[in-house]
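Per chain, numbering begins at 1; letters A, B, ... match sequence-line order. Both backbone and side-chain heavy atoms feed into the values below; hydrogens, waters and symmetry mates do not. Remember, predicted model here, so these are calculated numbers, not experimental data.
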Protein chains: 2
Amino acid sequence: MNNVVKIILAEDEPALGQIVKESLEMRNFEVLLCVDGEEAYKTYKIESPELLVLDVMMPKKDGFTLAKEIRKEDPNIPIIFLTAKSQTEDVVEGFNLGGNDYLKKPFSMEELIVRINALLKRKKNIDTLQTIELGEFTFDLQKQTLTHKNTTTSLTHRESELLHHLILHKDKVLERSFILKKLWGNDDFFNARSMDVFITKLRKKLKLDPSIQIINVRGFGYKLIY
Amino acid sequence: MNNVVKIILAEDEPALGQIVKESLEMRNFEVLLCVDGEEAYKTYKIESPELLVLDVMMPKKDGFTLAKEIRKEDPNIPIIFLTAKSQTEDVVEGFNLGGNDYLKKPFSMEELIVRINALLKRKKNIDTLQTIELGEFTFDLQKQTLTHKNTTTSLTHRESELLHHLILHKDKVLERSFILKKLWGNDDFFNARSMDVFITKLRKKLKLDPSIQIINVRGFGYKLIY
DNA sequence: AACAGTTGTTAACACTGTTTAACTGTAATA
DNA sequence: TATTACAGTTAAACAGTGTTAACAACTGTT
């Protein structure tokens with residue numbers, strides 16, 4: 001529930017790093033300044049920031065390499081690269097999609113702020129589009145996760161798809177044959193039994209909020225209520 | 001199917017409005033900022049928000065007047081009033097029922113967030129919890145439960161549907177053939193016998209309140225009285 | 001290729017809800 | 001009061017569902 005946006009700033013030149021850090025802090029960002037790529041990665045793991053500002057040329061690990069590693073863990077986290085004049089634009093361009101942006105040095109603080117806010121807004125839109133509130137849970141279809149207070153459970157693909165359909169039909173009966181055809185391809189006996197198993201698994205994972213229930217309607221299907 | 005909560009914020013002081021708007025947006029609300037009561041009303045008509053935060057003292061139309069107008073169209077929409085220090089409490093108290101709340105300026109964002117979430121939760125409960133009082137029982141159609149004092153009995157789907165129809169026709173005769181066609185598909189002899197069994201089961205479960213009775217009308221059907 | 005880890009399916013057995021059946025009870029009519 | 005049709009109750013039978021664990025298929029890694 002913290003409201004301050006946490007940012008990692010990886011910049012090896014101390015003077016520049018300090019100035020940028022202070023300017024951002026004046027705009028109410030929490031800035032974690034790192035002097036090289038490795039430190040930035042470690043800090044990333046510990047702090048889980050919302051956004052990263054990475055100098056491309058850094059000791060120990062350059063910004064692009066670091067970005068690739070971080071993207072494996074969080075494909076949507078916004079990253080802004082700071083590039084030297086010498087840097088060719090096309091190298092950066094390759095990265096300029098998804099939650100990325102870049103700034104050529106020297107840059108003004110205004111430019112940086114604008115880009116940070118743009119990426120944060122973009123991320124917010126993506127996040128809110130992908131998640132569904134389900135009682136006390138937040139269900140993220142993309143990430144296949146169920147978050148309850150501070151604990152996040154990961155769902156398998158089947159669990160996730162099944163839950164998604166239950167949510168889309170909430171308070172209505174989701175017919176067995178419909179969902180079986182949709183997710184399993186056909187509604188034969190064995191697939192039906194397989195589906196039963198997944199219902200059990202979902203019920204277990206949804207137990208943290210007892211007001212959420214998957215109710216069986218004998219002979220027809222299931223109804224999700226909360 | 002969109003999940004983001006839309007809020008109207010009517011506040012004539014630009015600086016305050018902007019700060020609150022941004023703080024709420026950081027909490028993933030969609031905020032429509034209006035500078036006076038008339039604009040707020042128009043925006044309300046177009047956007048149908050889930051909740052309103054209204055400054056009491058505003059140009060063109062004050063918060064209370066606006067609230068009254070909006071309540072004519074939607075008696076349940078949550079409204080939070082922002083009141084200046086000078087405002088007497090009792091004026092606000094009169095409004096402080098149903099889906100209303102108020103905050104004295106100056107207020108912290110935390111207070112506002114808490115109140116917003118409380119009202120949204122309250123509204124969600126009202127919307128989704130469609131329970132029916134049945135004598136000493138509370139019948140929850142969604143959950144398929146009958147609650148008597150502190151004990152809750154769960155009903156099967158058939159029991160639940162049958163009871164629901166009896167309640168909808170309370171004090172009137174619910175015809176056998178009608179309910180058989182509705183719940184069983186057709187009113188042949190065997191289904192009729194099956195229905196008898198369910199009437200027996202319901203009678204058993206309703207015994208805790210002896211004033212409730214399912215009375216048979218020979219040749220026609222059943223009548224629920226209490 | 002061997003491996004560990006994960007995910008989905010199958011199988012087995014326990015349990016539940018609905019229907020069927022058998023038997024008992026009751027109201028209406030002659 | 002005897003007859004008859006309808007309704008009440010109980011329990012057995014059955015089909016549908018719940019749950020667990022073992023197994024198979026797939027994944028990525030060494």
Side-chain angles (χ1 to χ4, degrees), chain A residues 68-69 71-73 75 143-146 152-166 173-207 212-224, chain B residues 143-146 153-166 173-207 212-225:
Chain A
K68 276 180 202 158
E69 290 179 9
R71 275 291 153 77
K72 273 188 197 162
E73 306 195 27
K143 291 184 184 167
Q144 302 184 177
T145 55
L146 259 184
T152 297
T153 323
S154 61
L155 302 178
T156 71
H157 187 245
R158 274 256 191 279
E159 289 170 345
S160 191
E161 292 277 286
L162 182 53
L163 179 58
H164 187 215
H165 280 90
L166 284 166
V173 177
L174 179 63
E175 284 188 48
R176 286 189 92 95
S177 63
F178 172 83
I179 198 69
L180 281 168
K181 278 175 195 147
K182 189 114 182 174
L183 299 191
W184 274 266
N186 71 68
D187 63 343
D188 64 23
F189 171 79
F190 291 103
N191 286 338
R193 302 314 344 266
S194 189
M195 177 176 159
D196 289 341
V197 174
F198 280 96
I199 291 288
T200 298
K201 287 175 178 170
L202 280 181
R203 280 180 177 143
K204 263 185 196 161
K205 295 193 175 179
L206 290 171
K207 254 184 189 159
I212 298 176
Q213 284 178 278
I214 300 174
I215 291 183
N216 171 257
V217 180
R218 202 182 175 84
F220 287 89
Y222 294 91
K223 191 171 69 170
L224 178 75
Chain B
K143 290 185 183 167
Q144 304 181 176
T145 56
L146 259 184
T153 324
S154 61
L155 303 178
T156 72
H157 188 246
R158 273 253 193 281
E159 290 169 346
S160 190
E161 292 278 284
L162 182 54
L163 178 58
H164 187 216
H165 280 91
L166 284 166
V173 177
L174 180 61
E175 285 188 48
R176 286 189 91 97
S177 63
F178 172 82
I179 198 68
L180 281 168
K181 278 176 195 148
K182 189 114 181 172
L183 300 191
W184 275 264
N186 71 68
D187 64 342
D188 63 23
F189 171 79
F190 293 103
N191 287 337
R193 310 294 24 248
S194 188
M195 178 176 158
D196 288 342
V197 174
F198 280 95
I199 291 289
T200 298
K201 286 177 176 170
L202 280 181
R203 281 179 176 144
K204 262 185 195 159
K205 295 193 175 179
L206 290 171
K207 254 182 188 160
I212 297 175
Q213 290 184 50
I214 300 174
I215 293 182
N216 172 254
V217 180
R218 201 180 172 84
F220 288 90
Y222 295 91
K223 192 169 70 170
L224 178 74
I225 60 162

Sugar-phosphate only, base, or nothing, as touched by A/R218 at under 4.0 Å among non-hydrogen atoms:
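Touches a base.
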
Output the residues of residues 189-202 of chain A in contact with DNA chain D, where contact means a heavy atom of the residue under 4.0 Å from an atom of the strand; sort by number or write none.
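Heavy-atom cutoff 4.0 Å gives A/R193, A/D196, A/V197, A/T200.
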
Go through A/Q213 and B/K143 one step at a time and tell me if the side chain to side chain contact (heavy atoms under 4.5 Å, CB included) criterion holds.
CA-CA 8 Å; A/Q213 284 178 278; B/K143 290 185 183 167; 4.1 Å; yes

Can you confirm whether [X] sits close enough to [Y] that some side-chain heavy atom of one is under 4.5 Å from a side-chain heavy atom of the other?
{"X": "B/N186", "Y": "B/N191", "value": "yes"}
{"X": "B/Q144", "Y": "A/K223", "value": "yes"}
{"X": "A/L162", "Y": "A/K201", "value": "no"}
{"X": "A/L163", "Y": "A/L206", "value": "yes"}
{"X": "B/I215", "Y": "B/I225", "value": "yes"}

For the student: nearest non-hydrogen atoms of B/H165 and B/F178, plus distance:
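Minimum heavy-atom separation between B/H165 and B/F178: CD2-CE2, 4.3 Å.
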
Grab the two heavy atoms, one from B/D187 and one from B/S177, that are nearest each other, plus how far apart they are.
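Between these two residues, the closest heavy atoms are OD2-CB, 3.3 Å.
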
If you take any heavy atom closer than 4.0 Å to DNA chain C, which residues from residues 174-186 of chain A end up in contact?
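Hits under 4.0 Å, by residue number: A/W184.
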
Taking atom P of D/dT9 as reference, at what distance in whole Å does atom CG of B/N216 sit?
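Rounding to the nearest Å, CG of B/N216 and P of D/dT9 are 11 Å apart.
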
In this structure, how many angstroms lie between the C1' atom of D/dT17 and the CD1 atom of A/I214, rounded?
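Taking atom C1' of D/dT17 as the reference, CD1 of A/I214 is at 13 Å.
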
Pairs where residues 174-184 of chain B contributes a residue and the test salt bridge (charged side-chain N to carboxylate O under 4.0 Å, His left out) is met, not counting sequence neighbours:
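Sorted pair list: B/R176-B/D196.
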
Can you list every salt bridge (charged side-chain N to carboxylate O under 4.0 Å, His left out) pair that touches residues 155-165 of chain A, not counting sequence neighbours?
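Listed once each, the pairs are A/E159-A/K205.
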
Interface limits on DNA chain C, where chain B has a heavy atom under 4.0 Å of a nucleotide atom
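Both ends considered, the range comes out as C/dG17 to C/dA27.
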
According to a strict under-4.0 Å criterion, is B/K204 in side-chain N/O contact with OP1 or OP2 of D/dT9?
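Looking at the OP1 and OP2 atoms of D/dT9, neither is under 4.0 Å from any side-chain N or O of B/K204.
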
For D/dG16, does either OP1 or OP2 sit under 4.0 Å from a side-chain N or O belonging to A/Y222?
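No.
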
ring-ring contact (aromatic ring centres under 6.0 Å, His included) involving B/F220 - partner list, sequence neighbours excluded
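Expected list: none.
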
